[in-house]
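Working notes, structure below.
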Amino acid sequence: MMQTNIDVKNTPKIHVQKDFLVVEQLSLQLENNPILNNISFSLPITGITTLIGPSGAGKSSLLRCLNMLYSTWGGEITIDKTSIKQWQAGEDNLRKFIGLIAQKPAIFPASIAENVTFGLPRKQRKQDTTTLIHDCLIQAALWDEVKDRLNQPAVSLSIGQQQRLCLARALALQPSILLLDEPTASLDPRSKQLIEISLRRLAKNMPILCVTHDLEQAKRLQGQLIFMCDGKIIETGESQELLQNPQKLETREFLRWEVCDCD
Amino acid sequence: MKIILIMFAIPAILLPAACVLYIFYQAMPALNLSLIFGSDISVVGVNSIGQSILPQITGSLLLMALACFIALPIAFSIALFHAFWASQNHKKLLMTLLQMLQGIPPIVYGLCGLIVFVHTLQWGISLLTGSVILAIIILPLLSNSLIHAFARIPREQTDAALSLGLSKLNVIIRIWLPASWSNILTGLLLSMARALSETAPILFTATVFSGITWPDSIFSPVTSLQTHIFYLAQEGSNIQAIHTAWASAATLLLLVLCFSLMAGYLRRYDTT
Ligand SMILES: Nc1ncnc2c1ncn2[C@@H]1O[C@H](COP(=O)(O)OP(=O)(O)O)[C@@H](O)[C@H]1O
Ligand SMILES: [Mg+2]
């Protein structure tokens, strides 16, 4: 599927470095405003990492750096020891390798089925994609709601459904890393639960970085938790631990009031 | 307040309407089928009722089509550069430049064209020279409408497509063109109308007033409706020539109106 040095699934575990995606001293300026400041963290080879922080902290910007939608950052981002700025197969290939689901769902003006297969190469789109569409929609917890109207325009879906369609669309490319930007922000509790179950299952085979506002969700997702504020990482730790026992004053404040004053 | 607005609005609507009616009224004597299908060709200085202005129509349309053909790829490149690669400063510079180009009087382009293309490059007074000059004149308008057509595509759509690993070319083909084709076509039609109505810059770079019917190549001069009207109108004493001038004006008006109305109609299909 990919080059051997990055095809993690077929590599014996023992040779693989524990940290799959490593971010070192990442900083970003947009229009002369510092947005990210000296960010360092890493994602293990599997499991969910949750990123929390007040809005405007730079969470979305961080995700955009990770798949090169922003490319003017300083520092280093490596995937399996390969710097993403030196990605052999090019930027487009890197973005197929990293699935990014944006905060605001962007549905293409096409049918639901076509939206799922949108990122596939032309040849693959022409083949029979029924099972692929089925699998991806199941994984995104959307199948039951749309199975009878796969050929209808996707714009008729509700925002929550559109967001799950975006997840299905990313999964169709079989990415090796998944980045989600507040994937459940506009979902009802039931679909929220389905997505979380789905994410936990996916996380058995790949690293997932999930941005969320929702502290309860951060608790449920378990794994590593990163707390970010004002372009900086304030605190990192195991999620239960950090939520119950925050070390930093800012974290405590955010957990109690959901606001943060980092200066 | 409403009454004042209506008072201003009424002349704004009535004046152009009166103009159009007057043009058709004056053109009446010359408006008949032989204006287009007649076997005689309308020539300045000759008794001209009942003669055909088909060569002039063809010349105008040829100039317009060739100008758009030249300007479109350039405008497309400018718009894509603006959308994908230009930094904020580049964008500002580009927009200022386009605005400045739009402010230059067409006759100045005609003069420059005369010096550069006709004399220096030895293209002579020709279809090619006229088209290139018209292309330069419509370039700011066309680029601007393409830039705006692309700017109206939601940023999220582009980002989502890029995130799926689509190349920039694929994003353009699969997202941008389907989303903005009606806006692109609207801009193109307006530019066509503009190219069709410019007279001064082609007056001494592309057209001659007689001796030419159909151009043999892009290096031969043409006749055009715009300039034909200009030449005919100078024949103050020849009442029939004046009628033909009005008829040519009416034809030109209909052509321009046609493109503008089509552009207006296309706005309905705006999907962005
Ligand atoms: N294109 C941009 N140009 C300049 N500043 C931006 C741009 N995009 C975002 N920002 C700023 O970056 C900061 C972080 O934004 P964002 O990453 O969206 O935060 P979050 O996702 O944590 O809410 C905000 O202060 C925002 O105003
Ligand atoms: Mg955000």
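Chain letters run A, B, ... following the sequence lines, proteins first and then strands; every chain starts at 1. Since this is a predicted model, take the numbers as computed values, not measurements.
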**OP:** For atom CD of A:E76, decide whether the heavy atoms of other residues, nucleotides or ligands shown that lie under 6.0 angstrom number more than 12.
**Re:** yes

**OP:** Looking only at non-hydrogen atoms, find the nearest pair between A:P109 and B:Q157 and report the distance.
**Re:** CD-OE1, 3.9 Å

Original post:
Would the number of heavy atoms belonging to other residues, nucleotides or ligands and lying under 6.0 Å from NZ of B:K168 be above 12?
Top reply: yes

Original post:
Given a strict heavy-atom distance threshold of 4.5 Å, which part of A:L69 is in contact with chain B: side chain, backbone, both, or neither?
Top reply: side chain

**OP:** Supply the atom-to-atom distance B:L164 CG to A:L120 CG, rounded to the nearest 0.5 angstrom.
**Re:** 9.0 Å

Subject >> Neighbour count above 12 (heavy atom, 6.0 Å) for B:F69 CZ >> reply: no

Subject >> Pair B:D159 + A:R64: basic N to acidic O under 4.0 Å >> reply: yes

Original post:
Does A:F108 reach the side chain of B:R174, with side-chain heavy atoms less than 4.5 Å apart?
Top reply: no

Subject >> Whether over 12 other heavy atoms sit under 6.0 Å from A:K85 NZ >> reply: yes

Subject >> Pairwise distance OG(B:S163) to CG(A:D92) - rounded to 0.5 angstrom >> reply: 11.0 Å

**OP:** Examine whether an atom of A:R169 lies under 4.5 Å from a heavy atom of chain B, and if so say whether it belongs to the side chain, the backbone or both; otherwise answer neither.
**Re:** both

Subject >> Which atoms of A:L94 approach chain B - backbone, side chain, both or neither, heavy atom under 4.5 Å >> reply: neither

Subject >> Over 12 non-hydrogen atoms of neighbours within 6.0 angstrom of NE2 in A:H134 >> reply: yes

Subject >> Part of A:I107 within contact of chain B (heavy atom distance under 4.5 Å) >> reply: backbone

